[in-house]
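Here's the structure, in structure tokens; my notes come after.
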Amino acid sequence: MVKKILMAKPGLDGHWRGAMVVSAALRDAGLEVIYLGNQNPEAIVHSAFQEDVEAIGLSILSAGHIDLIEQVVDCMRKKGMEDVILVVGGTIPGEDIPRLKEMGVDAVFPPGSKIERILEYFKQARKRSDEPTAGG
Amino acid sequence: MRIQGKEITTSSGIPVKNTYAQEDISGLDLTRDIGLPGEPPYLRGIYPNMYRGRMWTIRQFSGYATPEETNERFKYEYEMGGTGFSIAFDAVTENGLDPDDEGAEADVGRGGVNVCTLKDMETMFKDLPIDKISTAVIASPFSACPLSAMYFALAENRGIRLRELDGTTQNDILLFTACCHIPATIPPRHLIDLCVDLVEWSAQNAPKWHPVSFASYNYRENGLNAYQEVALLFANAIEYIEKELKRNRLHIEQFAPVLSFHMAAHNDILEEVAKFRAARRMWYRIMKERYGVSDPRAQVFRFHVQTSGSTHTYQQPLNNIVRIAYQVLAAALGGAQSIHANSFDEAICLPTELSVLISMRTQQICQYESGVTVTADPLGGSYYVEWLTGEIERRAWEYMARVEAAGGLVKALESGWIHREFFRAMADYQKEIQEGTRKVVGVNCYEMEEEPYQFPVFRPNRGSAAIQKAKLARIRLERDNEEVEKCIREVRGATERGENVMPSVIKAVKAYASLGEICDVWRDMYGLWEVPILKIE
Amino acid sequence: MARQAKATELAGKLLEGSELALARLISLIENDSASMSDVLPIIQHSLGRAHCIGFTGPPGAGKSSLVNHVTRLLREKGKRVGIIAVDPSSPFSGGALLGDRIRMQAHSLDPGVFIRSMATRDSYGGLSRATGHVIKLMDAFGMDYVLVETVGVGQVELDVMNTTDTVVVILVPEGGDSVQLMKAGLMEIGDIFVVNKSDRPGAEEIALQLQVILQMNARYAQNTPPILLTQSIDGLGVDKLVDALRDHRKGLNGAVLEARRKERRKKEFEETLAAVLIREWRRLLEADPGIREKLALVLEGSTDPYSVIEEMFPGGIIRQNQE
Ligand code: B12
Ligand SMILES: Nc1nc2c(ncn2[C@@H]2O[C@H](COP(=O)(O)OP(=O)(O)OP(=O)(O)O)[C@@H](O)[C@H]2O)c(=O)[nH]1
Ligand SMILES: [Mg+2]
């Protein structure tokens, strides 16, 4: 179960409704949410590093998701944070989801995603380093 | 419709009975409170003949990538019967930044078009008849003066007299401070001065221009309900008016006629109709009773409508065509002057040519086939609609009093009161969906595992950032940089002296100063605003 | 034990300057403050260098913005800064929305600044303990300053403030908040008082009122603490605050500082002891059906706590304690 998550909006995308609604729902489900608002990818990742969160949640409605997530994943790799779970929500066309998963995104929650589903996800999700390594 | 326990309510939570009859409107004086279309209190419409005289303007909100590409989209819409333009800018432009600013790149041309100099504005309107067709410059309060100045300069360069220029700037202080956040704006207490400068200058120099469009569409999209939408709309307008009156430079009759409005059309058709009607009566009362304005041009409530994007679903998106049609119907029955119909792919991407075509056809079908345009205010006199109109008005006055109690609009904005109201509303809305008291077809009922149909996703040119940067670099080489610096100093001087900034801003854009360079003056003077974050109780 | 080994290893790396170790150790301590027992012996000799400053005041007073500006000025002097930003946990869900960091993002990529958000969690005296531990970790990491921002209400607040060298109390012109605070005991703990948002009307007035109140307070009989006006929106007056911080630290020379720190260590010891005792008591409760039965009687209301305790520890333990 994920207990601590950092929620951010990479770039200048000003839509905060989804990010806040989800942050509040997570808080009400007992998670600690560090709300960062708009930040550049490097600052998001560095903050997540200092806060030692289990997950980074990005809310992107600007259509810039491919570029921005590429940058976030890149920064995470540079900091050795591959074990931190990366989750994305917002305006993500269905056809982009496989590509994002390939890039290292663990789960995508497009518009209309049920809050229950999001909460369920965080309940079962674990930081990758906490997973019992398969096959020893 | 929402069902909460045993109670059936409107979408905004107003309890509704089985049926309505004469007794429900017995308190109304039919002449004083309802009257006739084109006559005070203008409840029934601002013209006696409404759409028989003139159809509403079909004004699609458009913009993406570079001004070149947006120009093509505008032309397409014009050819398909669009009768007004409306510019969607990207977040870089709304922030008053340039495409070469740090951290801007990923957002250039996304969600809107990038514009940073007069050159871009010229390109965007190449071969388009802006003397015949009006434009809405949907600019943030921070970028409103420079972007409007660019449009004015464009018009003047084309030989159009500013006194004849028709159009609108959004310039609503709640936009990009509360309705969405932008990180590069200045604090509202200074921002309001820029907003009011544009109003003041336009009232004197471009009387057909609407220098502000109070855009409660956006408040509604933050989860507020119908009467809260109207209330905040007028609380905002009052703030501008008071600010200008305090300056003691213009009389209310000189600027009230140029104020304009932009509302949402949400799902509940009759409630929305009631809302539009209530808004007209309230504005009349505000003008007449609060400000003693007798000029009918100021008493009439003119408004644009946009169908409510947050009601449009990602799931089974073709269903949105139906939602949008109903919402357009509500706007038509409510007497809108201009309409933007969203597109069915609203929750997925910016509209494709196909989806925008359907939006325009939806409007045209409503105009010419539905029959609702044959007479003014066809629902006037309906027991239910008249009762609901009154109910919305009553609740809206109440909510306005709460804004006032929070210190007025700018105070309420700076203190985070408005953000908290938005947050409460959006959280409730989400909960209603979650609990099923608010039904959303395809989302919490009639769901499908697999999407039943596929269609193309719109992808704006990913190279726009490079193109826009290169263009700006070239302009910086070619323009007279000394002149630009001098102009920028003048903008600063005018701001410091508390003069209207518009003359100096117009001069600066004509010298091809960039949007970012002008906005930097204000950022430098006032610092950036820190949005009140929500630490929710 | 794996956990112990991990704590020891991280503590070693912390002293070598590993940010990762700092980040991880904080989590470890947050989740299990007993781990500090493995860490302390290793870092003990590196402690006591940092100047630790608490910032407190009513919600929205501008604590975070002020911390942000203070950090900027300290960085200009080349000082390394650790920041601990505390926000409340929801009493209903245990979750929290931590929003202070957003105000300090100007420093997010500065290698000389380390920011950590903390929720009050189950703050059974535990918040001050965990915060105290984290201050130590940052101190050992080599921070010249550790700035702690807290929530501004309640007992927990006072506890946290006891873990710092200098306490800055922040007030704002508007509203009865400030008056409330004066009543709430914050007046007793401030070393420096700041009236922030001095761009708003009424700031001077509050400063004057404050002065009067402080002069009447016994704690400040010797000398009234500085009262400063700031605008953390653009950093106006914050340089004066930084000077005052420096002066206060200087004033805390040898004896005074040592006395304060002694007091703090004593408190820390007592808290640790209390926490251990409570844990033991809970274990006992689990294990001993006799005690459980007695507790049940208390819960039902059929007997009072004193009688039960008296019965458990015969010999008049309650009376003794009251002497
Ligand atoms: C409401 C809205 C606004 C409001 C903003 C309200 C606010 N405070 O956020 C207003 C009206 C102000 C607005 C403005 C703009 N908007 Co807008 N907006 C929308 C709209 C209609 C709904 C978004 C919304 O809030 N939904 C409700 C929330 C609860 O849903 P959500 O954000 O999708 O979140 C859910 C999931 O995605 C997920 N989720 C989201 N984030 C996260 C994060 C994590 C970690 C997790 C686990 C889950 C998760 O969980 C949520 C619950 O299901 C969408 C279209 C749509 N129907 O989606 C367009 C849309 C996002 N907007 C768009 C645009 C272009 C803009 C503007 C740029 C227009 C302009 N040019 O001026 C502006 C400016 C914004 C800016 N500068 O950044 C476009 C984006 C285009 C694109 N991606 O290609 C959209 C898609 C509409 C469109 N088709 O044109 N907008
Ligand atoms: N006018 C004015 N506003 C300020 C000043 N300092 C801070 N603010 C604003 O006050 C709001 C709250 O500031 P924060 O720094 O978050 O306050 P805080 O005390 O940390 O708030 P909490 O952590 O939520 O208790 C923000 O919107 C700031 O921009 C100031 O000097 N003048
Ligand atoms: Mg704070």
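Computed over heavy atoms, backbone and side chain alike; hydrogens, waters and symmetry mates excluded.
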Toward chain A, the part of [X] with a non-hydrogen atom under 4.5 Å:
X         : result
Phe176(B) : neither
Ala178(B) : backbone
Glu447(B) : side chain
Val440(B) : neither

Which residues in residues 31-46 of chain A have any heavy atom lying under 4.5 Å from a heavy atom of chain B?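 Residues of residues 31-46 of chain A touching chain B at under 4.5 Å: Tyr35(A), Asn38(A).
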
Which heavy atom of [X] sits nearest to which heavy atom of [Y], and what is that distance?
X         : Y         : answer
Leu12(A)  : Asp107(B) : N-OD2, 2.8 Å
His419(B) : Trp16(A)  : O-CH2, 3.9 Å
Cys349(B) : Thr91(A)  : N-CG2, 4.4 Å

Look at [options] and state which one has the largest set of heavy-atom pairs under 4.5 Å with chain A.
options                                   : result
Gly103(B), Ala427(B), Gly223(B)           : Gly223(B)
Gln430(B), Glu102(B), Met426(B)           : Met426(B)
Arg459(B), Gln454(B), Glu451(B)           : Arg459(B)
Asn222(B), Asp345(B), Ile182(B)           : Asn222(B)
Leu97(B), Ile348(B), Val443(B), Thr313(B) : Ile348(B)

Could you grab the distance from atom NZ of Lys114(A) to atom CD1 of Ile433(B), nearest 0.5 Å is fine? 11.0 Å

Between Cys180(B) and Arg17(A), is a side-chain contact (heavy atoms from CB on, under 4.5 Å) present by the stated rule, with each step listed? CA-CA 8 Å; Cys180(B) 45; Arg17(A) 182 170 173 174; over 6 Å; no

Carefully, step by step, assess Gln434(B) and Glu116(A) under the rule side-chain contact (heavy atoms from CB on, under 4.5 Å). CA-CA 8 Å; Gln434(B) 208 174 322; Glu116(A) 298 93 314; 3.5 Å; yes

For the interface with chain B, which of Gly94(A), Pro111(A), Gly64(A) has the highest count of heavy-atom pairs at distances below 4.5 Å?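 The answer is Pro111(A).
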
Give a yes or no on whether the backbone of Ile92(A) and the side-chain of Tyr314(B) come within a donor-acceptor separation of less than 3.5 Å. yes

Kindly say whether Asp13(A) contributes a backbone atom to a donor-acceptor pair with the side chain of Arg110(B) at under 3.5 angstrom? no

Flag yes if more than 12 heavy atoms outside [X] fall under 6.0 Å of its [atom1] atom; otherwise flag no.
X         : atom1 : value
Glu105(B) : CD    : no
Arg99(A)  : CZ    : no
Phe455(B) : CZ    : yes

Pairs where residues 51-90 of chain A contributes a residue and the test ring pair (Phe, Tyr, Trp, His ring centres under 6.0 Å) is met, not counting sequence neighbours: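 Non-adjacent pairs meeting ring pair (Phe, Tyr, Trp, His ring centres under 6.0 Å): zero.
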
Less than 4.0 angstrom from a charged side-chain N to a carboxylate O is my criterion; do Lys431(B) and Asp28(A) meet it?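 Looking at Lys431(B) and Asp28(A), the cut-off is not met.
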
